[in-house]
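These notes are about the structure you will find just below.
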Amino acid sequence: MAAAPQGTPQGTPRPCPEQRRAAHIVQLLTLYRPLLDAFVIDFFTEDLWAQLPPAWQPALAGASPVQLAGLLGGGAGGAGAAWPLSLLAFAAAARALALPRRRARGPPRPPCQSCRLHPLLRRHVKPKKQHEIQLLGELLRRLSRATGCQRVVDVGAGQGHLSRFLAFGLGMEVTAVESDARLAGLAQRFDQELLRELGKARGSQPCPLTPRAPQHLAGRLDPAAPWGEFLLPPEPPGAGPAARNPLGGPGGSEDGGRVLLTGLHACGDLGPALLCHFARSPAVAAVALVGCCYMKLSTAPQQPPGYPLSASVAALPGHQLSYRAREAACHALEEFEGRLLGGSAHLRAHCYRAVLESLIRAADPAKRHLGLQPGRKAHGLSFPQYAQLGLPLAGLDPAEFQLDSEAVGAMLEQQHKVVAFCTLGQLLAPAVETLILLDRLLYLREQGFHCALVPLFNPRFSPRNLVLVAARTPLATVLDRGGEDEDVEEAESPQEEQSRHNPQ
C-alpha cells in the first residue's frame, strides 16, 4: 500500500483544488489583514501610509498611475518601475489566487447596443444589462437542454429584463419573483408594451419572438421555508400577503415538473438563500447565480447563512471577512485599472473624501464614516467646492473651516499616495470575491452536486462577471462552447474525486 503524501494523515481525503485555493487565500488575507480592513477615507485620520511595510513606501510614493496599473494588471509596471521583491510577491500571490476573470485586452470601451438581442428586447435596457441578459440567457438555454427543464424561476427579477428575454426571446416558461412590488408592476407594464408591438407586427413579417410573457410574482424569498412556500409579502406590501407559491411543493411545479433557478446579481443573502433552496429541493434541477453586494452578507452564527456556507471554509482559521473586506470584493478592478492608465480625474475623489473625513473628525470625532455623497461629479470640482457640498451633509457649516489652509493643501499634495494605497486594496479585492464564491461552490460540492464558476461577462462591462452554475447532473454539455471557456473547470463531485484517488 502506498504511503500517504507528507502532511496528509492516513485515511484523510486530500483537499480538492478549490479547498486548497480557499486555504491559500485565507493565509494571504491573514498576512495583510490591516490593509484589507482599512478604509481609504481614514488615510489621514489613521495615518494609513505609515502602516505599510517601510520597504514599499518609497516605491509606491514615486510610482506613476501607469506604473500602478502595471502592478495591478501584472505587467512590467511602466518605465522606471522598481518594486521591492516583497511587494511583487504580494501582488503575484493576489493575482494567482483570484479566479480568472478573462480580462479584456486593449483600452476600455463602453458597451454598445447588443445586435444579438431583438430590438424590442432592447427597449428600456441599458447596454450593460443587454450584455448580461443575452449571455446568461444563452447559458440558461444550454442548462435547460442538459436538464430537460423548460421552466425558469428568476428571483430578484427587478424590471424583468432577463425574464423577458428568456420568455419572449428563447421561448422558455418563466416565473419572475421580485421583492419590490413597484418593480414587479413595471416589469408587467413592459411585457404588455412588447405584446402590443408583437400584435401590431403580426402578419406583416416573420418575428422570431414568442408571444408569451413571464408570470410575475411580488414577494420576498424566505430561506427557511420549503420550496413550495418560499414567498413572503413584498415590499411595500400590496393588498394582502403573497399567495402560496404557485411553483408547487417539493415535487416540482404545479404540474409536477422541475425548474431551473436563476438570479442575476442577487444581492447579499439572496444568493446563499437560492443555493440553499436548490440544495434541499428536488424540484430545482439546476441553478445559475451571479452574486453582488457581498458586504450585505450575514456573517453572525445566529443569522441565516450568508458567509461562510461551506464546512470547508468555516473550518479554516482566519476565514472571517469584515464588512470592509466584503465591500472591497465588490470593487471594479478593470475600471480602476483603466482610470490609472488614462490618468482619470476620478482618482482625485479618493483623496478629496479622505481630506473631508479628516476635517469632519477634527470638528466632531463622533462623526465617523457617515456615508456622504457630495455628488457623482465630485472629481470635476476643486476641493473647496467639494467640501462646500460635503460638510453640510455632515451637519457642519463650511464657513467654520479654512478650506484653503496649508494643512489642507499638504493633504491634497498626497493624492498620489492615496491612489497607491487604493491600488493595493484593489489587488486584494478579486481574491476576497474568489473566497466568497469558492465557499458557495464548496457548499454545493460537499453535498454531491456538479458545479462550476464561469467567467461569463466581460468584466470591463460587468465587474461581477462570475456565474456559479450547479446541477444534479454533469455540466459538460453546458460548459462546452467550442473552446470559448478554456478557463472554466468543473468541480468534481465528491464521488468522482474518491474514484480518481481510489481506482478499482
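These numbers come from the heavy atoms of this one structure, side chains and all, not from hydrogens, waters or symmetry mates.
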Contacts of type salt bridge (Lys or Arg N to Asp or Glu O under 4.0 Å), residue [X], not counting sequence neighbours:
X: Asp37; answer: none
X: Arg348; answer: none
X: Arg141; answer: Glu138

Under 3.5 Å, side chain of [X] to main-chain N/O of [Y], donor-acceptor pair present?
X: Arg151; Y: Thr175; value: no
X: Ser322; Y: Ala325; value: yes
X: Arg122; Y: Leu117; value: yes
X: Ser179; Y: Gly219; value: no
X: Ser298; Y: Gly306; value: no
X: Gln19; Y: Cys16; value: yes
X: Gln159; Y: Leu183; value: no
X: Gln447; Y: Tyr443; value: yes
X: Lys129; Y: His161; value: no
X: His265; Y: Arg464; value: yes

Please name the residue in the list Asp154, Leu162, Val454, Leu166 that meets the side chain to side chain contact (heavy atoms under 4.5 Å, CB included) test with Leu136.
Leu162
Could you label the plane-to-plane angle of the Phe39 and His369 rings as parallel, tilted or perpendicular, counting under 30° as parallel and over 60° as perpendicular?
tilted
Tell me every residue that passes side chain to side chain donor-acceptor pair (under 3.5 Å) with [X], counting only those two or more places apart in sequence or in another chain.
X: Gln320; answer: none
X: Arg324; answer: Glu327
X: Ser382; answer: Gln385
X: Arg326; answer: none

Mind checking the [atom1]-[atom2] spacing from [X] to [Y]? Nearest 0.5 Å is all I need.
X: Leu453; Y: Leu289; atom1: CG; atom2: CG; answer: 9.5 Å
X: Leu260; Y: Thr147; atom1: CG; atom2: OG1; answer: 4.5 Å
X: Arg440; Y: Leu466; atom1: CZ; atom2: CG; answer: 11.5 Å
X: Arg472; Y: His450; atom1: CZ; atom2: NE2; answer: 11.0 Å
X: Leu140; Y: Cys149; atom1: CG; atom2: SG; answer: 11.5 Å
X: Cys267; Y: Leu297; atom1: SG; atom2: CG; answer: 8.5 Å

Within the structure provided, determine whether [X] and [Y] are in side-chain contact (heavy-atom separation under 4.5 Å).
X: His131; Y: Phe457; result: yes
X: Leu438; Y: Ser312; result: no
X: Ile360; Y: Leu391; result: yes
X: Val419; Y: Leu340; result: yes
X: Leu444; Y: Leu468; result: yes
X: Leu333; Y: Leu72; result: yes
X: Leu194; Y: Leu209; result: yes
X: Thr299; Y: Leu321; result: no

Would you call Arg460 and Glu334 a salt bridge, using N to O less than 4.0 angstrom?
no
Suppose the criterion is salt bridge (charged side-chain N to carboxylate O under 4.0 Å, His left out): which pairs have a residue in residues 283-307, not counting sequence neighbours?
none
Centroid separation His331 to Phe336 less than 6.0 Å:
no
Centroid-to-centroid, Phe278 to Phe449, below 6.0 Å?
yes
For [X], all residues meeting side chain to side chain contact (heavy atoms under 4.5 Å, CB included), sequence neighbours excluded:
X: Asp191; answer: Arg164, Phe168, Ala213, Pro214, His216
X: Gln388; answer: Pro398, Leu403
X: Pro308; answer: Val313, Ala314, His319, Asp439
X: Ser358; answer: Phe44, Thr45, Met411

Would Arg353 pass as a cation-pi partner of Tyr386, given that its NZ or CZ must be under 6.0 Å from the six-membered ring centre and within 45 degrees of the axis?
no
Could you please spell out the steps behind the side chain to side chain contact (heavy atoms under 4.5 Å, CB included) verdict for Val153 and Val284?
CA-CA 9 Å; Val153 181; Val284 187; over 6 Å; no
Indicate the atoms forming the closest heavy-atom contact of Phe43 with Phe421, along with that distance.
CE1-CB, 3.9 Å
Assess the residue pair Cys422 and Leu347 against the criterion (side chain to side chain contact (heavy atoms under 4.5 Å, CB included)); give the C-alpha distance rounded to whole Å, side-chain angles, the decisive distance to 0.1 Å, and a yes or no.
CA-CA 10 Å; Cys422 288; Leu347 296 171; over 6 Å; no
Verify side chain to side chain contact (heavy atoms under 4.5 Å, CB included) between Leu393 and Leu370, making sure each step is shown before the conclusion.
CA-CA 9 Å; Leu393 298 177; Leu370 297 181; over 6 Å; no
Do His277 and Leu221 pass the side chain to side chain contact (heavy atoms under 4.5 Å, CB included) test, and can you show the C-alpha distance, the side-chain angles, and the key distance before you say yes or no?
CA-CA 10 Å; His277 271 298; Leu221 188 73; 3.7 Å; yes
Considering residues, nucleotides and ligands other than Glu193, do more than 12 of their heavy atoms fall under 6.0 Å from its CD?
yes
